[in-house]
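A short write-up of the structure that comes next.
The figures that follow rest on heavy atoms only: side chains count, while hydrogens, waters and symmetry mates do not.
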Amino acid sequence: MDDIQPTPRSGIDKVAIRAAASHLQDGPVTAGYQGDRAAVVELLNDALATELVCVARYRRHYYTVVGRQNSAIKAEFLAHAEQEQEHAGWLAERIIQLNGQPDFNPATLLARSHAEYDESVDVQAMVRANLIAERVAIESYRQMIERLGTADPTTTHLLIKIMAVEEEHADDMRDLLD
């Protein structure tokens, strides 16, 4: 009975904590990481492709909308493009943290993106295309969050944060529909 050590009151596994001091090349990913890193990086690269396609679509719409009566819509498109670009940056950073490589290859962006590019010239068609893309992004993020569960809380938190902004974007686009 003398060789049994009492469980620490904190419930913290000090051996695992000490083990985190090794394998420094793994950066923030410790042995306690429970996600499938390759699968998570693949999910994140698809989300990255989606965000980049959304940036391109919103920017195209921003530059092609004309007329003073559309200045508020034009401004909304630009604001959304900038926020989608920020999301792309967050996703690329998380991929690097997981020791993956962000895939910015323009030749494969559309194939990997969940959302579509749009070349509408009618303002209401642009708004509809963006609303559709936002709804697609929301559902994609919801499924990714569900798939990750509790295996990767940092990535889950990031995806929830991005999804909340996508929901705001969808609300904005809905408000702009005639």
Side-chain angles (χ1 to χ4, degrees), residues 11-13 16-17 19-62 75-118 129-175:
I12 300 293
D13 182 349
I17 290 171
S22 61
H23 304 288
L24 300 180
Q25 70 280 4
D26 289 339
V29 181
T30 66
Y33 180 79
Q34 296 178 2
D36 176 345
R37 272 196 317 201
V40 173
V41 166
E42 184 177 346
L43 283 175
L44 293 176
N45 266 316
D46 288 352
L48 175 60
T50 302
E51 295 294 338
L52 293 171
V53 168
C54 289
V55 169
R57 187 187 59 257
Y58 271 122
R59 286 229 180 250
R60 183 192 185 284
H61 291 169
Y62 167 75
E76 199 70 37
F77 289 165
L78 180 59
H80 288 199
E82 291 169 349
Q83 290 170 332
E84 303 293 1
Q85 184 65 53
E86 183 176 42
H87 299 167
W90 294 341
L91 291 164
E93 287 175 0
R94 183 60 183 154
I95 290 166
I96 293 294
Q97 288 173 350
L98 293 172
N99 301 315
Q101 293 297 313
D103 187 350
F104 285 89
N105 185 344
T108 63
L109 281 179
L110 283 174
R112 292 182 293 115
S113 173
H114 301 135
E116 295 180 12
Y117 185 73
D118 178 73
N130 287 317
L131 178 54
I132 289 167
E134 295 296 354
R135 290 176 52 82
V136 165
I138 291 163
E139 180 59 18
S140 298
Y141 284 119
R142 188 199 63 72
Q143 288 184 27
M144 286 185 253
I145 292 162
E146 185 177 282
R147 181 171 174 195
L148 287 174
T150 60
D152 184 339
T154 302
T155 299
T156 297
H157 177 74
L158 173 61
L159 297 177
I160 291 169
K161 180 177 165 181
I162 293 171
M163 187 173 81
V165 176
E166 304 298 3
E167 290 175 349
E168 290 175 18
H169 289 177
D171 193 44
D172 293 341
M173 290 299 107
R174 181 187 60 187
D175 290 348

query: By salt bridge (Lys or Arg N to Asp or Glu O under 4.0 Å), which residues pair with Asp26, not counting sequence neighbours?
result: none
- line: In terms of heavy-atom contacts, His114 and Val136 come closest through O-CG1, 3.1 Å
message: Is any side-chain heavy atom of Glu84 closer than 4.5 Å to one of Arg57?
response: no
- prompt: So Leu159 and Leu43, side chain to side chain contact (heavy atoms under 4.5 Å, CB included) or not? Walk me through it.
  reply: CA-CA 11 Å; Leu159 297 177; Leu43 283 175; over 6 Å; no
- prompt: Does one side chain, of Asn130 or His169, offer a donor that lies under 3.5 Å from an acceptor on the other?
  reply: no
query: Per the side chain to side chain contact (heavy atoms under 4.5 Å, CB included) rule, which among Thr155, Asn45, Asp103, Val40 passes with Ile95?
result: Asn45
Show the atom names and distances, to 0.1 Å, of all donor-acceptor pairs under 3.5 Å that link a side chain in residues 27-34 to residues at least two apart or in another chain.
residue : atom : partner : partner atom : Å
Thr30   : OG1  : Gly32   : N            : 3.4
Tyr33   : OH   : Asp152  : OD2          : 2.6

Test side chain to side chain contact (heavy atoms under 4.5 Å, CB included) applied to Thr50 and Arg112, step by step: CA-CA 7 Å; Thr50 302; Arg112 292 182 293 115; over 6 Å; no
- line: The reported gap from CG in Asp172 to CD in Glu134 (rounded to nearest 0.5 angstrom) is 8.5 Å
field: Closest contact, heavy atoms only, Tyr117 versus Val53
entry: N-CG1, 3.8 Å
statement: CG of Leu158 to NZ of Lys161, rounded to nearest 0.5 Å, is 7.0 Å
query: What pair of heavy atoms forms the shortest contact from Ala88 to Leu52, and how long is it?
result: CB-CD2, 3.8 Å
message: Within a 6.0 Å radius of atom CD on Gln101, are there more than 12 heavy atoms belonging to other residues, nucleotides or ligands?
response: no
Side chains of residues 143-151: which donor-acceptor partners sit under 3.5 Å, not counting sequence neighbours?
residue : atom : partner : partner atom : Å
Gln143  : NE2  : Glu139  : OE2          : 2.9
Glu146  : OE1  : Arg142  : NH1          : 3.1

- line: In this structure, CD1 of Ile160 is separated from OH of Tyr141 (nearest 0.5 Å) by 12.5 Å
- request: Please report the shortest heavy-atom distance between Ala81 and Val55, naming the atom on each side.
  value: O-CG2, 3.7 Å
Euclidean distance, Cys54 SG relative to Gln83 CD, rounded to 0.5 Å: 12.0 Å
- prompt: Has Glu42 got more than 12 heavy atoms of other residues, nucleotides or ligands less than 6.0 Å from its CD?
  reply: no
- prompt: So do the side chains of Pro102 and Leu91 get within less than 4.5 Å of each other, counting heavy atoms only?
  reply: no
message: Please determine whether side chain to side chain contact (heavy atoms under 4.5 Å, CB included) holds for the pair Asn99 and Val41, giving the CA-CA distance in whole Å, both sets of side-chain angles, and the decisive distance to 0.1 Å.
response: CA-CA 9 Å; Asn99 301 315; Val41 166; over 6 Å; no
message: Using only atom types and a distance under 3.5 Å, with no angle test, would you say the side chain of Arg174 pairs donor to acceptor with the backbone of Leu131?
response: no
query: Got a second to check how far Glu86's CD is from Ile162's CD1, nearest 0.5 Å?
result: 9.0 Å
- request: Apply side chain to side chain contact (heavy atoms under 4.5 Å, CB included) to Trp90 and Glu51, showing your working.
  value: CA-CA 10 Å; Trp90 294 341; Glu51 295 294 338; over 6 Å; no
field: Atom of Tyr58, atom of Phe77 and distance for their closest heavy-atom approach
entry: CB-O, 3.6 Å
message: Whether the His80 and Glu76 side chains hold a donor-acceptor pair (N or O, under 3.5 Å, no angle test) is what I'd like checked.
response: yes
message: Would you say CZ of Arg135 has more than 12 non-hydrogen atoms from neighbouring residues, nucleotides or ligands within 6.0 angstrom?
response: no
